Amino acid sequence: MGTKPVLVVHGGAWAIPDDLAERSILGVKNAVTNGFAVLEMGGSSMKAVEVAVQTLEDDTVFDAGHGAVLNADGYVELDAIIMNGKTLAAGAVSCIKNISNPVTFACSVLEKTPHVMLTGTGANQFAEKLGIPQVPVEELVTEHAKAEWEQYRKYKHTVKSLFNTELVHDTVGAVAIDYEGNVACATSTGGITNKMVGRVGDTPLIGSGGYADNLVGAVSATGHGESIMKVTLARLILFHMEQGKTPEEAANSALHYMEKRVHGRGGVIVVSRTGEWTARFTTKRMAWASIKEGVLLYGLNTGETIQEIINPPK
């Protein structure tokens, strides 16, 4: 057991309003605590990121699983990815409906099929075959999401204008390294309110919404999906780390490049193969939390890091 385990989670990079700030912080702290419990017991980084992201999917304050937003036709379409840094095995799902934990379904794609990504109808059929419980759309959709959809439909806001105002909920994610030194990432989203039917963002795309490689580290991204895809943000950060940059330098460099090159903002969490980590964002806020060596850190605003000592490290 050479490596000290680390888990970092995010609840999406956007202009989080004050009335959701406290719940967002509580949500990421809850998720990081649940996921880290897996690592502490000697569990894998894969299981830890899955558990952390499940916790976020079940929390209606975030746009993933429960709390997901509605597309232009008033339906929920969910995307998720999970990736194993040891083998580079990945599982992803996109445009799936009525499943409350897309990250767990992404795990099934990784474990039970020879494929990396399943989408749409075929994915939903596979979920039925596996006996993954389907939940009614009503269970996933909050009153807030419904009100938001009605408002955007009325005013014909485009996805682009939404992102420019940063009034969008966004993705959730986690990265981890376990006692064995294996890294993993997971990312899950409900997308953007009033998005075109069938629109897929960066989340389920390997190298964009997430990437994990034991030789370098793991990343989970959040923000303007189209921009993230154009620069393959997660892989770009790991490329910078391969060139010798620290996680923080690599994240800053890639986020700056994305803003300059395609005018997109976002946020990332990163862990290196040696257990160094960072949480960086260019949006107004991003709720994040981490646990390493008995210390829980979290933040919401730029430059903010709040510390809580939890159990003394064993």
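All values reported here derive from a predicted model rather than from experimental measurement.
When all heavy atoms of Val172 and Val53 are compared, the closest pair comes out as CG2-CG1, 4.1 Å. Nearest approach of Val175 to Ser220, heavy atoms of both residues: CG1-N, 3.5 Å. Between Met83 and Ala90, the shortest heavy-atom contact is CG-CB, 4.0 Å. Here the closest non-hydrogen pair linking Ile99 and Phe105 is CD1-CD2, 3.9 Å. The two atoms that bring His10 and Val28 nearest to each other are C-CG1, 4.1 Å, heavy atoms only. The two residues Asp18 and Arg285 come nearest to each other via the heavy atoms OD1-NH1, 3.0 Å.
Note that NZ of Lys284 and CZ of Arg265 are 7.5 Å apart. Values are rounded to the nearest 0.5 Å. Ser108 OG to Phe126 CZ: the interatomic distance, rounded to the nearest 0.5 Å, is 6.5 Å. Rounded to the nearest 0.5 Å, atoms OG1 (Thr203) and CG (Leu78) are 10.5 Å apart. With rounding to the nearest 0.5 angstrom, the CG atom of Leu56 is 8.5 Å from the CG atom of Asn30. For the atom pair Arg235 CZ and Leu233 CG, the distance stands at 12.0 Å (nearest 0.5 Å).
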Check the pair Ile177 / Ser45 against side chain to side chain contact (heavy atoms under 4.5 Å, CB included), numbers first and verdict last. CA-CA 5 Å; Ile177 187 166; Ser45 53; 5.7 Å; no

Determine, step by step, whether Thr121 and Gln125 satisfy the side chain to side chain contact (heavy atoms under 4.5 Å, CB included) criterion, reporting the C-alpha distance in whole Å, the side-chain angles of both residues, the deciding distance to 0.1 Å, and the verdict. CA-CA 6 Å; Thr121 317; Gln125 283 168 353; 3.8 Å; yes

Worked verdict on Glu180 versus Lys86 for salt bridge (charged side-chain N to carboxylate O under 4.0 Å, His left out): CA-CA 10 Å; Glu180 306 291 318; Lys86 185 179 182 181; over 6 Å; no

Step by step, work out the side chain to side chain contact (heavy atoms under 4.5 Å, CB included) result for Leu205 and Tyr211. CA-CA 9 Å; Leu205 300 187; Tyr211 201 82; over 6 Å; no

Using the rule given for side-chain hydrogen bond (donor to acceptor under 3.5 Å, both in side chains), can you reason through Ser100 versus Glu139, listing the C-alpha separation, both sets of side-chain angles and the distance that settles it, and then say yes or no? CA-CA 9 Å; Ser100 59; Glu139 193 182 306; 5.4 Å; no

Could you please spell out the steps behind the side-chain hydrogen bond (donor to acceptor under 3.5 Å, both in side chains) verdict for Thr55 and Asn34? CA-CA 8 Å; Thr55 306; Asn34 288 354; 3.2 Å; yes

Ser188 and Thr171: side chain to side chain contact (heavy atoms under 4.5 Å, CB included), yes or no, with the steps? CA-CA 6 Å; Ser188 178; Thr171 314; 6.0 Å; no

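Ile25 places a side-chain heavy atom less than 4.5 Å from the side chain of Tyr298. Looking at heavy atoms from C-beta onward, Phe281 lies in side-chain contact with Thr302 at the 4.5 angstrom threshold. With contacts defined as side-chain heavy-atom distances shorter than 4.5 Å, the pair Val270/Glu248 does not qualify. Counting heavy atoms from C-beta on, the side chains of Leu296 and Thr33 come closer than 4.5 Å. Between Glu50 and Thr104, the closest side-chain pair of non-hydrogen atoms falls below 4.5 Å. Side-chain contact between Trp277 and Ser290: present, with at least one pair of heavy atoms (C-beta onward) separated by less than 4.5 Å. In this structure the side chain of Ile310 reaches within 4.5 angstrom of the side chain of Ile291, judged on heavy atoms. With contacts defined as side-chain heavy-atom distances shorter than 4.5 Å, the pair Asn252/His256 does not qualify.
When hydrophobic clusters are built by joining Ile, Leu, Val, Met, Phe, Trp and Tyr residues whose side-chain heavy atoms come closer than 4.5 Å, directly or via intermediates, Val6 is not grouped with Met41. The cluster map of Ile, Leu, Val, Met, Phe, Trp and Tyr, joined by side-chain heavy atoms under 4.5 Å apart, puts Val135 and Val93 in the same cluster. Val200 is not connected to Ile82 by any chain of hydrophobic side-chain contacts under 4.5 Å among Ile, Leu, Val, Met, Phe, Trp and Tyr, and they are in different clusters. When the side chains of ILVMFWY residues are joined at heavy-atom separations under 4.5 Å, either directly or via intervening members, Val216 and Val219 end up in a single hydrophobic cluster. The hydrophobic clustering, which links ILVMFWY residues whose side-chain heavy atoms are closer than 4.5 Å, places Val32 and Leu300 together.
Thr187 places a side-chain N or O within donor-acceptor distance of the main-chain N or O of Gly209, the cut-off being under 3.5 Å. Judged purely by atom type and a 3.5 angstrom limit, Asn214 uses its side chain to pair as donor or acceptor with the backbone of Val183. Remark: the backbone N or O of Gly181 is paired with a side-chain donor or acceptor of Asp178 at under 3.5 angstrom. In this structure a side-chain-to-backbone donor-acceptor pair under 3.5 Å is present from Ser272 to Thr274. The closest donor-acceptor contact from the side chain of Thr282 to the backbone of Gly266 lies under 3.5 Å. Counting only distance, with no hydrogens or angles, the side chain of Lys245 and the backbone of Ser253 share no donor-acceptor pair below 3.5 Å.
In this model, a donor atom of one side chain and an acceptor atom of the other lie less than 3.5 Å apart for Glu57 and Asn101. In summary, the side chains of Thr246 and Glu276 do not present any donor paired with an acceptor at a separation below 3.5 Å, with no hydrogens or angles considered. A donor atom on one side chain and an acceptor atom on the other are found under 3.5 Å apart for Thr60 and Arg23. Looking only at atom types and distance, the side chain of Asn84 has no donor-acceptor partner in the side chain of Asn182 under 3.5 Å away.
Under 4.0 Å is where a charged nitrogen must lie from a carboxylate oxygen, and between Arg199 and Glu226 at least one such pair does. Ion pair Arg280/Glu249 not flagged as a salt bridge, since none of the NZ, NE, NH1 or NH2 atoms sits closer than 4.0 Å to an Asp/Glu carboxylate oxygen.
Around the CD atom of Glu22, the shell of radius 6.0 Å holds no more than 12 heavy atoms that belong to other residues, nucleotides or ligands.
Of the residues Leu238, Ile237, Leu236, the one that meets the side-chain contact (heavy atoms from CB on, under 4.5 Å) test with His240 is Leu236. The side-chain contact (heavy atoms from CB on, under 4.5 Å) test with Ser94 is passed by exactly one of Thr189, Leu118, Thr119: Thr119.
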